Amino acid sequence: PPEGSFHDEL
Amino acid sequence: MNIFRLAGDMTHLFSVLVLLLKIHTIKSCAGISLKTQELYAIVFTTRYLDLFTTYISLYNTIMKLIFLGSSISIVWYMRHHKVVRRSYDKDQDTFRHYLLMLPCLLLALLINEKFTFLEVMWAFSLYLEAVAILPQLVLLQRTRNIDNLTGQYVLLLGAYRALYVLNWIYRYFTEENYVHWITWVSGIVQTLLYADFFYYYFQSWKNNVKLQLPA
């Protein structure tokens, strides 16, 4: 996934 | 998914369940700050905008929907339910929470991972979450005889924050390129707010006196 544009935490 | 992250999500989930239990079964929201609940509803709405753009996992999607739905329904119950709203400590819950939003928005415009709408909203939600508990802490300080459910709600929220910090430490050492300064700094600020509160909370509990926070 592209860095900084992907947040997998809630 | 590591054990700290899972335990953190579960304590967060339990905190919401405890609050919903109080509202649904006792039909009371005494001691709960509507200001904090409104901020949480805004936090989750602005953070989970990526629900429509990015698929991460079924777990992630379901948890996001639960936090969105529960935070919005808690606000609805406290404002509009004809029984629940009568137990709201309106005169004590005086924190001007909207004043917290502007600085958070400005900070998000200045400090973000990328200057796009979603990223600015994501940063805003993290800054706002860091301070969203403040109206609740002020209300707890003012309320005499904090009931068990309210105490457990705040305790579970504090545990969720502490476990997330452990999760970041674990991920930093086990994953390559796992660096999220915005999440870490705002998360640590938030955790310190809880730690400071719990220090006084346990002191007053130990000495069996009414909670009195320093001015």
Side-chain angles (χ1 to χ4, degrees), chain A, chain B residues 1-2 4-6 8-13 16 43-44 46-51 53-57 59-68 71 112-123 125-126 129 160-161 163-165 167-168 171 175-184 187:
Chain A
E3 199 185 323
S5 64
F6 188 77
H7 309 294
D8 62 357
E9 287 174 357
L10 292 163
Chain B
M1 174 82 81
N2 60 68
F4 304 113
R5 160 80 196 280
L6 184 63
D9 285 348
M10 289 305 115
T11 44
H12 191 186
L13 188 62
V16 174
V43 163
F44 295 131
T46 50
R47 185 173 310 162
Y48 298 157
L49 290 171
D50 67 351
L51 207 52
T53 60
T54 318
Y55 178 78
I56 293 159
S57 65
Y59 170 84
N60 204 282
T61 302
I62 290 173
M63 292 295 271
K64 280 176 175 171
L65 290 173
I66 290 174
F67 289 133
L68 268 173
S71 62
N112 47 63
E113 288 195 358
K114 207 175 170 190
F115 196 72
T116 63
F117 178 69
L118 284 186
E119 284 295 322
V120 170
M121 286 293 105
W122 179 79
S125 82
L126 285 168
E129 190 188 355
Y160 145 62
R161 294 316 313 173
L163 286 160
Y164 252 72
V165 173
N167 155 59
W168 298 328
R171 290 188 74 171
E175 285 175 37
E176 256 184 280
N177 303 322
Y178 180 76
V179 180
H180 281 291
W181 281 108
I182 292 174
T183 317
W184 295 345

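Source: prediction; values computed, not measured. Residue numbers begin at 1 in each chain, while the letters A, B, ... track the order of the sequences.
Side-chain contact between Tyr164(B) and His12(B) is absent, with no heavy-atom pair separated by less than 4.5 Å.
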- Task: Could you go through the side chain to side chain donor-acceptor pair (under 3.5 Å) check for Tyr55(B) and Asn60(B) one step at a time?
- Result: CA-CA 8 Å; Tyr55(B) 178 78; Asn60(B) 204 282; over 6 Å; no
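Only the side chain of Asn167(B) comes within contact range of chain A, with at least one heavy atom under 4.5 Å from a heavy atom of that chain. Only the side chain of Asp50(B) comes within contact range of chain A, with heavy atoms under 4.5 Å apart. Using a 4.5 Å cut-off between heavy atoms, Ser57(B) makes no contact with chain A at all. Neither the backbone nor the side chain of Phe44(B) comes within less than 4.5 Å of any heavy atom in chain A. For Trp168(B), the part lying near chain A is the side chain, with the backbone staying farther off; criterion is any non-hydrogen pair under 4.5 Å.
Partner Leu126(B) forms a side-chain contact (heavy atoms from CB on, under 4.5 Å) with one of Met121(B), Arg47(B), His180(B) and no other, that one being Arg47(B).
Taking every heavy atom of both residues into account, Asn112(B) and Phe115(B) meet most closely at OD1-N, 3.5 Å. The minimum heavy-atom distance linking Gly187(B) with Arg161(B) is given by the pair CA-NH2, 3.7 Å.
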